[in-house]
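Structure record follows, encoded as structure tokens.
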Amino acid sequence: MQPLSDGVEIGALALGPDDINDVEPDVSGHHLRIWCNEAGRWCVQGLGSSNGTVLISGEDGSETVVEPARGGASACAEPVEVHAGDELVLAGSTRFMLIEGMPESWE
């Protein structure tokens with residue numbers, strides 16, 4: 001699925017108008033992207049980060065590796081669907097809780 005927009009990038013060097021760069025020092029410069037696809041589903045994708053990303057399900061607490069820490073992993077991970085209530089853990093130190101709703105600038 002193609003994204004409806006470029007979405008938001010999260011990382012130490014993310015500088016777009018809606019991007020998030022308020023992260024701990026172990027988060028890569030261009031760590032993760034989140035967007036809404038054509039089917040209306042929210043997705044995240046690793047951008048080749050050094051220290052990886054884990055998704056913790058808000059429904060059952062299970063963990064999904066969005067992108068493993070570098071060490072044999074591909075440069076860019078496959079997209080993973082996310083839902084309100086899920087938590088993203090970037091590089092083990094920076095956490096984001098996903099909540100219902102989307103910024104107007106993403107529409």
Side-chain angles (χ1 to χ4, degrees):
M1 293 279 165
Q2 292 295 318
L4 292 177
S5 75
D6 289 338
V8 167
E9 186 178 311
I10 301 172
L13 300 175
L15 300 175
D18 295 319
D19 291 350
I20 299 169
N21 57 22
D22 185 12
V23 294
E24 295 297 323
D26 57 348
V27 173
S28 295
H30 302 283
H31 197 100
L32 185 79
R33 184 170 71 98
I34 183 168
W35 75 95
C36 186
N37 69 21
E38 290 176 342
R41 294 189 173 104
W42 288 93
C43 298
V44 296
Q45 184 175 29
L47 299 175
S49 68
S50 296
N51 295 320
T53 300
V54 173
L55 170 70
I56 301 173
S57 169
E59 185 174 313
D60 63 12
S62 63
E63 294 186 5
T64 301
V65 175
V66 173
E67 181 174 53
R70 201 170 282 161
S74 61
C76 215
E78 291 295 316
V80 174
E81 190 172 329
V82 295
H83 306 278
D86 290 350
E87 185 175 6
L88 290 168
V89 182
L90 285 67
S93 66
T94 300
R95 294 175 175 261
F96 291 99
M97 175 70 71
L98 302 172
I99 59 173
E100 195 90 23
M102 112 176 124
E104 288 180 20
S105 61
W106 291 13
E107 294 182 36

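Model, not experiment: these values are computed from the prediction.
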Atom of Gly46, atom of Glu67 and distance for their closest heavy-atom approach | CA-OE1, 3.4 Å

Side-chain heavy-atom pair Glu63, Val89 within 4.5 angstrom cut-off = no

Quick check: does any side chain N or O of Glu81 sit under 3.5 Å from a backbone N or O of Arg41, one acting as donor and the other as acceptor?
-> no

Would you mind telling me which of His30, His31, Arg33 makes a side chain to side chain donor-acceptor pair (under 3.5 Å) with Glu9?
-> His30

Say you draw a straight line from CZ of Phe96 to CD1 of Ile20; how long is it, rounded to the nearest 0.5 Å?
-> 5.0 Å

What is the distance from atom CG of Leu47 to atom CG of Leu32, rounded to the nearest 0.5 Å?
-> 6.5 Å

Does Asp86 use its side chain to pair, donor to acceptor, with the backbone of Gly58 at less than 3.5 Å?
-> yes

State yes or no: do Trp42 and Val44 share one hydrophobic cluster built from I, L, V, M, F, W and Y residues joined by side-chain heavy-atom distances below 4.5 Å, directly or via other members?
-> yes

For Gly7 and Trp35, the nearest pair of non-hydrogen atoms, with its separation, is CA-CB, 3.9 Å

Could you tell me whether the side chain of Ser50 and the main chain of Ser28 form a donor-acceptor pair under 3.5 Å?
-> no

Would you give the length of the straight line joining atom CG of Leu88 to atom CG of Leu98, rounded to the nearest 0.5 angstrom?
-> 4.5 Å

Which heavy-atom pair separates Pro68 from Val65 by the least distance, and what is that distance?
-> N-CG1, 3.4 Å

So, Thr94 side chain and Glu24 main chain: donor-acceptor pair closer than 3.5 Å or not?
-> yes

Closest approach of Ser93 to Val27 (non-hydrogen atoms, all atoms of both residues) = OG-CG2, 4.5 Å

Establish whether Val80 and Val8 are linked, either directly or via other cluster members, by ILVMFWY side-chain heavy-atom contacts under 4.5 Å.
-> yes

Separation between CG (Leu55) and CG (Leu90), nearest 0.5 Å, reads 11.0 Å

Taking all non-hydrogen atoms of both residues into account, name the closest pair between Asp19 and Ala14 and its distance.
-> CB-CB, 3.6 Å

Identify the heavy atoms of Met97 and Gly85 that sit nearest to each other, and give their distance.
-> SD-O, 3.3 Å

